[in-house]
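Here is the structure we will look at.
Proteins come first, then strands; the chains are lettered A, B, ... in the order of their sequence lines, and each starts at number 1.
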Number of protein chains: 2
Amino acid sequence: MADITIKDVAARAGVSAATASRVLSGNPATSPQARENVAAAVIELDYRPNAQARALRSTHSDSIGLLVPDVRNPFFADLAHTVEQEALSEGYVTLLGNANEQKDQQDRYLDTLISRRVDGIIVAPLGDGGGSIRSLIEREIPTVFVDRTVYGIDVPSVTTDSTGGIRQTVEHLASLGHTRIGYISGPQATSTGRDRFAAFTATVAAAGLSQDPDLVYFGDFQAASGSAGLHALLGLNDPPTALLAADSLMAVGAIAILHKLGLRIGTDLALVAFDDIEWFALLNPALSVISHSVEDMGRIAVEMLLEVIAGNSPQSVVLPSELVVRASSSSPILPAASRRKN
Amino acid sequence: MADITIKDVAARAGVSAATASRVLSGNPATSPQARENVAAAVIELDYRPNAQARALRSTHSDSIGLLVPDVRNPFFADLAHTVEQEALSEGYVTLLGNANEQKDQQDRYLDTLISRRVDGIIVAPLGDGGGSIRSLIEREIPTVFVDRTVYGIDVPSVTTDSTGGIRQTVEHLASLGHTRIGYISGPQATSTGRDRFAAFTATVAAAGLSQDPDLVYFGDFQAASGSAGLHALLGLNDPPTALLAADSLMAVGAIAILHKLGLRIGTDLALVAFDDIEWFALLNPALSVISHSVEDMGRIAVEMLLEVIAGNSPQSVVLPSELVVRASSSSPILPAASRRKN
DNA sequence: TGTGGTCGTGGAATCGATTCCATGGAATCG
DNA sequence: CGATTCCATGGAATCGATTCCACGACCACA
């Protein structure tokens, strides 16, 4: 692993290291002759600049960090893809970290990203503003929140307005005759969990539907809690006739149990999920979803972070969400007598 | 962003930078007094070592690179998750790159990873051994291939033995009465594409089934080519009665078209997909798959890379694959007359 | 008491690239 | 033709952490 340095290139090209550096960074104060010789030497030696040394001297590393709660969640996989492609087109490499929905792993990754002196960080945060999130702010490291925010921390963010999609969903279900809508909520420690829950309770009240607190189950955005939530809701004396899940993984968990119980989605129980995942349309029946654009979210987050890095203070952006009706929620409610009991 | 350096810590603790460095790296040649003072100063100043400077001096960066062809493919998302968690537990950070199934993006990312002097690289390669893959070898950068290999490049790898799962599948379909099995293949520019295709042709011949070359469609591992492949195969004069797709995304593309055409999976057409994805079991009917362990693959790849970094030459590992029969391939074949025509 | 050894410490060199500063040669102007 | 500007260039300082080397203090043993 005999590394080739800029001195080797300079020697080969018959110039000094300073001149070689100037050629490589496109400094105009170089002669055509020098440019040519250096370019040739670079190719002959297959030279790759040492990014560490460069970053050490020049205070920027041309890299950004992206910290997501769970890469296996298709929503965040898509987000990672979009951010990474968008950043690459702007000349930045993305370091992807996975907090695994755990605060200590989030802190550990943030520490690492700080140590590596990334130029900025995009994070879908969890927990309160403690731990390493605070260090980010105190060090004035350019930061953008995506999908989620943290109460009391003033950082530009790109989030989804849950209210529109959830109101459409509640009204849609009400128009089919449903009065008892079950809700599998995300954790109240996340802003998305809180916002969606608030939107649900508000619109249910506005539509005059049942506000029975037993109709709400609090999950953790992962599949197993969707299964548990479904069990809990179906076990009620007066179970819901429609169900809204606050994210795709909890919907998947619920669907698995529905299959196991032999209940028919769309007729025995209407189902809508927050987050649109490509293959939700392939389920039989196809799943109704509240859709929001992950591409827009990723693209805007990168643009916004570049603004912050440039020293500006961009406005936070809230993207709309929208109900997409498919077969899982298109049948009118059945009379209670014909519904199977659990 | 006034960065705090080791000199600030040293000054605060009343020692030299050399001593502070020794304390931080756990060098035993330090007095308890010094250790205590430095530890206190680190906390008071919220000091984070500059990873760039450290890596520059000490030739290792405690980071590895992972380059996958497509993060949105659930198989690679799972792989990324496993590798990242496993590496983290060994004290390494993972830089994730996404080649987007394009050779130029793969080269670009490899260049970046080389520049950043990662300690090693895990890559699911595409294309031949040209471009930056060659640079990796010439520079003797610790490298491990995962899922795929490159012909003629001698690098330790963790791959899946397609043959077992594919033989089981062909024999299973034959036992249901199928004689014409369609195959949507991966690209022959990838080792997995070639291996699975070879296994399919060999086992079909061994089972005495139709070897009609029209039964094979060559896709590119992405969803759209699965749709195209299905159209092509159903358009034959004598279409197949069973279908095997060489990866999950092409299976998804095929399923979408089957739904659109109103064909019933499992009865009108038996379907099996390579790669097990959690929600494949949720489809109706549930999808039969050839399953292989992405956790084992990721874990072994990291272990193997650490071996290579340590200077050893680990043996390549080939993991088994296995057929999991579900409803999409459990009905005996229908007589031709009762099958619908496309 | 003198010699040898251990131990904690600080000074200085080092890693590779960038950039300030000074220099020498060519070009331009009065 | 002499003076001034311009430009390409090399030398040297710099970024922050690590590590080699040397030094002084201390203990132990003969």
Whole angstrom value for the distance that separates P of D:dC7 from CG of A:Asn27:
12 Å
Going by heavy atoms in the side chains, are B:Ile6 and B:Leu24 under 4.5 Å from each other?
yes
Could you tell me how far apart A:Arg22 (CZ) and D:dG10 (P) are, to the nearest whole angstrom?
8 Å
Tell me the interatomic distance from B:Asp8, atom CG, to D:dC15, atom C1', rounded to whole angstroms.
13 Å
Using a strict threshold of under 4.0 Å (side-chain N to carboxylate O), is an ion pair present between A:Arg139 and B:Asp46?
yes
Counting side-chain heavy atoms from CB outward, which of D:dA17, C:dA17, D:dC15 is closest to B:Asn50?
D:dA17
Nearest to side-chain heavy atoms of A:Val15, which nucleotide of D:dC15, D:dA17, D:dG10:
D:dG10
CZ of B:Arg134: more than 12 outside heavy atoms within 6.0 angstrom?
no
Near A:Gln315 CD, under 6.0 Å, is it more than 12 heavy atoms from other residues, nucleotides or ligands?
no
Measuring from the side chain of B:Ser31 (C-beta onward, heavy atoms only), which nucleotide among C:dG16, D:dA17, C:dG8 has the closest atom?
C:dG8
5'-most by nearest nucleotide on DNA chain C - B:Thr19 or A:Ser25
B:Thr19
Judged by each residue's nearest nucleotide on DNA chain C, which is more toward the 5′ side, B:Pro32 or A:Leu56?
B:Pro32
Tell me whether A:Arg108 is salt-bridged to A:Asp111, with the criterion being a basic N under 4.0 Å from an acidic carboxylate O.
no
Atom pair distance, as rounded to whole Å: CD in A:Gln52 and C1' in C:dA17
12 Å
B:Lys7 NZ to C:dG10 C1', in whole Å, measures 13 Å
Taking OH from B:Tyr47 and P from D:dG16, how many angstroms apart are they, rounded to a whole number?
10 Å
C:dT9 C1' sits how many Å from B:Ile6 CD1, rounded?
14 Å
Smallest separation among heavy atoms of B:Gln52 and B:Asn50, with atom names
N-OD1, 2.8 Å
What's B:Ala20 touching, base or sugar-phosphate or nothing? Going by heavy atoms closer than 4.0 Å.
nothing
Please state whether the phosphate of D:dG10, meaning OP1 or OP2, lies under 4.0 angstrom from any side-chain nitrogen or oxygen of A:Ser16.
yes
Could you tell me whether A:Ser21 contacts a base, only the sugar-phosphate backbone, or nothing, with contacts defined as non-hydrogen atoms closer than 4.0 Å?
base
Separation of A:Arg117 atom CZ from D:dG16 atom C1', in whole Å?
9 Å
Heavy atoms from other residues, nucleotides or ligands near CG of A:Asp154 exceed 12 (cutoff 6.0 Å)
no
Quick note, A:Ala18 side chain, CB onward, closest among D:dG16, D:dA12, D:dA17 is D:dA12
When you measure from the side chain of A:Arg57, which nucleotide among C:dG10, D:dT18, D:dA13 comes out closest?
D:dA13
Using the C1' atoms of five pairs at each end, what's the angle between the two axes of the helix from C:dT1-D:dA30 to C:dG30-D:dC1, to 10 degrees?
50°
Tell me whether B:Arg54 is salt-bridged to B:Asp62, with the criterion being a basic N under 4.0 Å from an acidic carboxylate O.
no
